[in-house]
2 protein chains.
Amino acid sequence: MTNIDELKSTGLKATLPRLKILEIFQKGTQRHMTAEDVFRVLLEERSDIGLATVYRVLTQFEQAGILSRNNFESGKATYELDEGKHHDHFVCTACGKVEEFYDAEIEKRQQLVAQSKGWVVHEHSMALYGHCAQCAQNKK
Amino acid sequence: MTNIDELKSTGLKATLPRLKILEIFQKGTQRHMTAEDVFRVLLEERSDIGLATVYRVLTQFEQAGILSRNNFESGKATYELDEGKHHDHFVCTACGKVEEFYDAEIEKRQQLVAQSKGWVVHEHSMALYGHCAQCAQNKK
DNA sequence: TTTATTGCAAAACCTTTGCATGTAT
DNA sequence: ATACATGCAAAGGTTTTGCAATAAA
């Protein structure tokens with residue numbers, strides 16, 4: 001399925017800004033990007049796409065399930081391609097790198113805790129903050 | 001130890017705004033509060049304390065270890081009394097209630113996952129979003 | 001041609017800061 | 001007396017929105 005078809009299948013018109021932004025995420029140079037990050041890439045490519053459009057498209061892509069949003073402690077929202085595989089994040093507070101992980105046991109315990117208190121969990125966010133292997137090494 | 005002493009012991013002068021704000025959290029009417037929440041209570045009490053001061057005091061209290069800050073998905077920071085017991089949060093997306101929980105197994109797995117990848121975790125945030133027991137019940 | 005989308009500028013929102021004034025020690 | 005804290009208003013950073021112009025279907 002082409003990107004054009006993918007967009008149309010979600011009810012979104014296949015416009016140039018949307019195609020460009022989708023490609024930026026697919027190109028994969030940087031997996032987690034803020035609106036500003038995306039806008040900067042567009043500027044470098046001399047695409048005349050406004051920042052407001054970037055925000056609008058990111059929101060639409062999130063609602064369409066194309067991207068997923070994360071709110072880390074930086075105060076800016078970051079987006080990544082939604083590949084349907086749930087995962088949590090580790091954020092390096094030294095270099096800013098974001099890595100992903102999944103632990104079935106943690107997921108299971110979350111459900112158990114929720115059940116024991118009668119909650120119904122729809123989603124969760126979990127992020128570990130610290131130093132990645134590389135930055136921890138450099139500190140020594 | 002009085003609140004005055006508690007403040008002084010952290011190097012903060014025992015001013016009226018600081019004492020008032022500390023009391024609001026200790027009164028415990030609402031455990032998790034945004035700057036705006038605190039400001040609203042102060043307004044009701046006719047204390048002439050500015051919003052900027054509320055922000056400054058909350059930041060200072062966090063650095064002093066009196067309060068701890070959480071960034072849930074609302075976009076606003078919330079604060080709660082720091083009683084030294086680490087815990088995670090469950091946020092009800094229907095009524096806004098925040099409950100706390102602690103699961104030793106989850107904490108242990110987080111460390112294991114981090115170790116296996118060479119990360120050094122300094123802190124983490126984890127929040128489950130969904131319906132609390134009461135709101136889940138009302139949906140039926 | 002009809003309806004959605006865009007760009008721009010302005011506004012909204014939460015939070016921080018400069019500065020003159022006031023207060024705790 | 002001195003250093004710190006406050007209030008106000010202004011500015012900061014991120015995100016949203018109104019509207020006329022434009023592009024997709």
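In what follows, chains carry the letters A, B, and so on, assigned in the order in which the sequence lines appear, proteins first and then strands, with residues in each chain numbered from 1. What you see is a predicted model; the values in this text were computed from it and never measured. In what follows, every heavy atom counts, from backbone to side chain, and hydrogens, waters and symmetry copies are set aside.
Note: CD1 (B:Ile4) to P (C:dT23) measures 16 Å, nearest angstrom. Between the NZ atom of B:Lys20 and the C1' atom of D:dT6 there is a distance of 16 Å, given to the nearest Å. Atom CD in B:Glu36 sits about 9 Å away from atom P in C:dT15, given to the nearest Å. Taking atom CG of A:Leu16 as the reference point, atom P of D:dA25 lies 12 Å away to the nearest angstrom. Distance CG (A:Leu43) to P (C:dG7): 11 Å, rounded to an integer number of Å. Atom CG of A:Leu42 is separated from atom P of C:dT6 by 12 Å (rounded to the nearest Å). Computed from coordinates, the B:Asp48 CG to D:dC8 P distance equals 7 Å when rounded to whole Å. Rounding to whole angstrom units, CG of residue B:Leu12 and P of C:dT23 are separated by 19 Å.
Within the 4.5 Å cutoff, the side chain of A:His131 has heavy atoms near those of the B:His122 side chain. Between B:Gln111 and B:Lys108 the shortest side-chain heavy-atom distance does not fall below 4.5 Å. Taking 4.5 Å as the limit, every side-chain heavy atom of B:Cys95 sits out of range of all side-chain heavy atoms of B:Gln134. Two residues are said to be in side-chain contact when any heavy atoms from C-beta on lie closer than 4.5 Å; A:Leu12 and A:Phe61 meet this criterion. The shortest side-chain heavy-atom distance between A:Leu7 and A:Ile66 falls under the 4.5 Å cut-off.
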Dot-bracket assigned to DNA chain C with the 3.5 Å Watson-Crick/G-U criterion, [ ] for crossing and | for other-strand pairs, is |||||||||||||||||||||||||
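For the segment residues 51-82 of chain B, the set of residues with a heavy atom within less than 4.0 Å of an atom of DNA chain D comprises B:Ala52, B:Thr53, B:Arg56, in numerical order.
Under 3.5 Å, the side chains of A:Glu100 and A:His32 contain a donor-acceptor pair of N or O atoms.
As judged by a 4.0 angstrom heavy-atom cut-off over every strand, B:Ile49 is placed among residues touching the sugar-phosphate backbone only.
Between A:Lys13 and the phosphate of C:dT6, there is no side-chain N or O to OP1/OP2 separation shorter than 4.0 Å.
Looking at B:Glu45 and B:Lys20, a side-chain N of the basic residue comes within less than 4.0 Å of a carboxylate O on the acidic one, giving a salt bridge.
Using a 30° and 60° split on the angle between ring planes, B:Trp119 and A:Phe90 fall in the parallel class, below 30°.
Note on A:Val38: it clusters hydrophobically with A:Leu19, by side-chain heavy-atom contacts below 4.5 Å among ILVMFWY residues.
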